[in-house]
Amino acid sequence: MMTRTLFAALLLASAAATPTLAKERRAKPPEEPRAKNVILFIGDGMGISTITAARIYDGQKRGETGEENQLSFEKFPNVALVKTYNTNAQVPDSAGTATAMHSGLKTRIGVLGIGPEAEKGVCKDALAHPLPLLGEEVKQRGLALGIVTTTRITHATPASVYSRSADRDWESDTSIAADQQGQGCKDIALQLAEAKFDVALGGGTAMFYGKSGGGRRSDPAADLPAGWAAKNGGVVVKDAAGLSAAPMGKPVLGLFNPSHMTFMAERKADSPEPTLTEMTAAAITRLKADPDGFYLMVEGGRIDHAHHAGQAGFALEEAVEFARAVQWAVENTDPAETLIMVTADHSHVFTIAGYPQRGNDILGLVVAPPGRGEDGGDGKSPVLAADGKPYTTLGYANGPGAVKGERPVPTTGLAATQQALVPTGGETHAGEDVALFATGPGAERARGVIEQNVIYSIIRKALGWEK
């Protein structure tokens, strides 16, 4: 039998050991899984009302009522709300918001990759207040870098990955204000041609060539893509066939339209342009070959342009294609090593209104469900407004569809311009929060209500670059 003395000694030893073990457990928490790859999808102008309408539209295209549908990224387990304001603007633009995501700091409206101390349009201020660029760090750390967009590749959102500019509109050298030229600031197209990247796909050919190449650069013979290809051993492609045929293992620059790429709603079956999904697939296939991992930014940029034109149907077609590209990425990457985030840079003054019945055509007139009261109808006839005319479910607070004088009967369908309240040349952005959806290593940080620049930290922490 154990003596009392020996038993007491064992108890003392056990008590002395317990705090040490607890301390060791606290000092060595389990390591968080790190992402090898990060893909950031930005639906330009894809506010929550756009997501809701696109969800319904997508379902209705398949013959469903639509409300119960889920877009690909709505299935992600982690969601946050993101505050989008710029440092000097309550309602932001894409340059300031995209800079926040790719530099870690909010800045002024209309500038790229420079701090809020810099005045927009002033070259010397831009040179004096540079911000870090995620695209630069990605290449410095040995990862592959990809940029995909349906806009000009020099447009604000894609440009935020690789450029610094006192004005987002300085896309070619002829766009720089005359009194700011010759002071050391480079146009955005030149910055891309001098940047390190593995895949860059989008529109904007005109920004890279002179007049002899159908472009707008000051030198008629300018050919920035040729110079980039010679320096980097890269391949320049101008259509979907060229992208498919481009050799693996070489950097690729794809420029598929003189300006922005064709709206999905206007796209013809024999279009030479690749779709957003096809560009995303090409980029991921190439970037995955890098053993050190990659960062890819994919922008559905024409969602925004359709909203500015007051054409909700066009915007929803772009959003559905955007969701399709996200789904391709989900199905063709390893969820254990790839962080995928989906967000918007800002919202739009886009509304879903009235009391339409379940399954009502999202692009049509409001038809109330059968029943009594102001929210009821016969389930067949359009609801009439106080002016005796029907109205659509979708509309805008401002824009080119603003009603002047007596309100006409609204048009409906894919190509319709929805009616709006305040007359403006183009419909404007909105200032409410946008959503952030995330899945993969580090996705759990997408929660609560966050500032937009926190997305930068989520990316860097997932990659293990930041504590």
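Each residue takes its place number in the sequence, starting with 1.
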Compute whether any side-chain donor of one residue and acceptor of the other, for [X] and [Y], lie under 3.5 angstrom apart.
{"X": "Arg152", "Y": "Ser259", "answer": "yes"}
{"X": "Glu466", "Y": "Ser457", "answer": "yes"}
{"X": "Thr424", "Y": "Glu427", "answer": "no"}
{"X": "His307", "Y": "Tyr396", "answer": "yes"}
{"X": "Asn69", "Y": "Arg62", "answer": "yes"}
{"X": "Asp93", "Y": "His429", "answer": "no"}
{"X": "Glu171", "Y": "Thr154", "answer": "yes"}
{"X": "Ser172", "Y": "Thr174", "answer": "yes"}
{"X": "Arg407", "Y": "Gln419", "answer": "yes"}
{"X": "Gln60", "Y": "Glu64", "answer": "no"}
{"X": "Asp44", "Y": "Ser94", "answer": "yes"}
{"X": "His102", "Y": "Ser160", "answer": "yes"}

Side-chain contact test, heavy atoms from C-beta onward, threshold under 4.5 Å: evaluate it for [X] versus [Y] and give yes or no.
{"X": "Asn88", "Y": "Pro116", "value": "no"}
{"X": "Arg108", "Y": "Val111", "value": "yes"}
{"X": "Lys120", "Y": "Ile109", "value": "no"}
{"X": "Arg164", "Y": "His129", "value": "no"}

Quick one: does [X]'s side chain have a donor or acceptor within less than 3.5 Å of a partner on [Y]'s backbone?
{"X": "Asp239", "Y": "Gly242", "result": "yes"}
{"X": "Asn398", "Y": "Ala420", "result": "no"}
{"X": "Lys106", "Y": "Tyr85", "result": "yes"}
{"X": "Thr277", "Y": "Ala325", "result": "yes"}
{"X": "Thr351", "Y": "Gly395", "result": "yes"}
{"X": "Lys288", "Y": "Gly293", "result": "no"}
{"X": "Glu317", "Y": "Met264", "result": "no"}

Distance from [X] atom [atom1] to [Y] atom [atom2], nearest 0.5 Å?
{"X": "Phe41", "Y": "Leu276", "atom1": "CZ", "atom2": "CG", "result": "7.5 Å"}
{"X": "Gln452", "Y": "Asp345", "atom1": "CD", "atom2": "CG", "result": "7.0 Å"}
{"X": "Ile51", "Y": "Glu74", "atom1": "CD1", "atom2": "CD", "result": "6.5 Å"}
{"X": "Lys61", "Y": "Ile362", "atom1": "NZ", "atom2": "CD1", "result": "14.0 Å"}
{"X": "Met279", "Y": "Ile147", "atom1": "CE", "atom2": "CD1", "result": "12.5 Å"}
{"X": "Thr157", "Y": "Leu40", "atom1": "OG1", "atom2": "CG", "result": "10.0 Å"}

Fill in: Ion pair Lys196/Glu136, N-O distance below 4.0 Å
no
Is it possible for you to check whether Lys238 lies under 6.0 Å from the centre of the six-membered ring of Phe256, through NZ or CZ, and within 45° of that ring's axis?
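Here Lys238 fails the 6.0 Å and 45° test against Phe256.
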Parallel, tilted or perpendicular for His305 and His260, by the 30°/60° rule?
->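 Tilted, since the angle between the ring planes falls between 30° and 60°.
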Notebook entry, point to check: CZ of Arg34: more than 12 outside heavy atoms within 6.0 angstrom?
Noted result: no
